[in-house]
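Below: one structure, written as structure tokens.
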Number of protein chains: 2
Amino acid sequence: MENAKRIFDAFLCAKGLRHTDQRDIILDAFLGMEGHFSAEEIYRIVSEKNPEIGYATVYRTIKLLCDAGIARGIYFDDGRMRYEHKYGHGHHDHLVCIRCGKVIEIFDPQIEKAQDRLAKEKGFVPIRHQLNIFGVCKECRKRNK
Amino acid sequence: MENAKRIFDAFLCAKGLRHTDQRDIILDAFLGMEGHFSAEEIYRIVSEKNPEIGYATVYRTIKLLCDAGIARGIYFDDGRMRYEHKYGHGHHDHLVCIRCGKVIEIFDPQIEKAQDRLAKEKGFVPIRHQLNIFGVCKECRKRNK
DNA sequence: CCATAATTGAACTTGATTTTCAATATCATA
DNA sequence: TATGATATTGAAAATCAAGTTCAATTATGG
């Protein structure tokens, strides 16, 4: 958490950008959230702290967080970007419950390796990937039966 | 091809929907295209056949094609839906070149199995998934070096 | 404290997709 | 094959996420 803040300060400094209250509040809100959330959800949290802060500033700051390596954007299957923590949070894939929307993070070295092999077989240099598995989670399965 | 048309007719009939020239033209255009294309690309092809047909009808018909199991929508990493053939075209994953935008389809039973296993380990009932591997294709690698 | 330049919020723009609505076309039935 | 109920269409407007403009404000080095 504190590290992420230091990273962001260093990033701003290195780029000749400024440290502002708004950026602080947005970073805090972001770091305090768990999971995968849209810009709008971040905006709502930020608004509670300081209702003056506008959407534009939230979008602008999220972009900075991505550039700084603190946030990462992903698309699931609506056309809306979600953000998750990146700093101190390695690559992983996602299980998405189509009932309740819950997202579980998974990682399996075997799958990762197989993907790289497959890409290389086709002459591709793999850079990044996203694997989203949509299904029904344990709780929703119980609930609906 | 012809089968897909029959499927669509049956779908329309079953839903009490009507058979129209526009829907015919859009389905033809869709079936005649290879790969993964946006609504706008479909619209352009359709326009050549019949410039009267509007965007709204293209979007509406694509939605029907998806409902009928003839088309499938996927998001890569811009916020724009792409469509691919689904009828007679089994599940597969995608290699996406970040330079030229080319998309290659891949399928690997081992990866599929590993994904199912992983989902089940977490109590998920997997329904579908999408794996997009972003990288640089063979041609682009040669070109840029 | 000042000057410069980055930042902000509000409103506006963009791009993709969806909806509205009046006019038109389809299709089962008479 | 004419009719009428209703699905469909195109054009324009609406929506939704995201990005941009601009005048006013603020951070920061000197």
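Order of the sequence lines fixes the chain letters, A, B, ..., with proteins taken first and strands second; residue numbering starts at 1 for each chain.
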Pairwise 5' ranking along DNA chain C for G79(B) and R60(B), keeping only the more 5' one: G79(B)

Both E40(B) and I53(A) contact DNA chain C. Taking the nearest nucleotide for each, which residue is further toward the 5' end? I53(A)

Where the side chain of T57(A) is concerned, which of dT8(C), dT20(D), dG10(D) is the nearest nucleotide? dT8(C)

Considering only residues two or more places apart or on different chains, which pairs with a residue in residues 113-136 of chain B satisfy ring pair (Phe, Tyr, Trp, His ring centres under 6.0 Å)? H91(B)-H129(B)

Under 6.0 Å from the NZ atom of K49(A), do we count more than 12 heavy atoms belonging to anything else shown? no

Atom CG of D24(B) and atom P of dT26(C) are separated, to the nearest Å, by 11 Å

L17(B) CG to dT8(D) C1': how many Å, rounded? 10 Å

Gap between atoms CD1 and C1', on I42(A) and dA17(D) respectively (whole Å): 13 Å

Distance, rounded to the nearest Å, where D21(B) contributes CG and dG10(D) contributes P: 10 Å

What is the separation between atom CD on Q22(B) and atom C1' on dA25(C), rounded to the nearest whole Å? 9 Å

Picking from dA11(D), dT17(C), dA16(C), the nucleotide nearest the side-chain atoms of R80(B) would be dA16(C)

Quick one: is Y59(B) getting a side-chain N or O under 4.0 Å of the dT17(C) phosphate, OP1 or OP2? yes

Select base, sugar-phosphate, or nothing to describe what K63(B) touches, counting heavy atoms under 4.0 Å on all strands. sugar-phosphate

Find the distance I62(A):CD1 to dA17(D):C1' and express it as a whole number of Å. 12 Å

May I ask you to decide if the ring planes of Y75(A) and Y75(B) are parallel, tilted or perpendicular, using 30° and 60° as cut-offs? parallel

Could you label the plane-to-plane angle of the Y55(B) and Y43(B) rings as parallel, tilted or perpendicular, counting under 30° as parallel and over 60° as perpendicular? parallel

Taking only side-chain nitrogens and oxygens of R23(B), does any of them come within less than 4.0 Å of OP1 or OP2 of dT9(D)? yes

Once you round it to whole Å, what is the distance between C1' of dA17(D) and OH of Y75(B)? 11 Å

Picking from dG15(C), dT8(C), dA10(C), which would you name as closest to the side chain of T20(A)? dT8(C)

Per atom distances to the R18(B) side chain, the nearest of dG19(D), dC27(C), dT9(D) is dC27(C)

Measure the distance from CD on E41(B) to P on dA16(C) and round it to the nearest whole Å. 11 Å

Please determine, by modelled atom types, if H36(A) and E105(A) share a side-chain donor-acceptor pair under 3.5 angstrom. yes

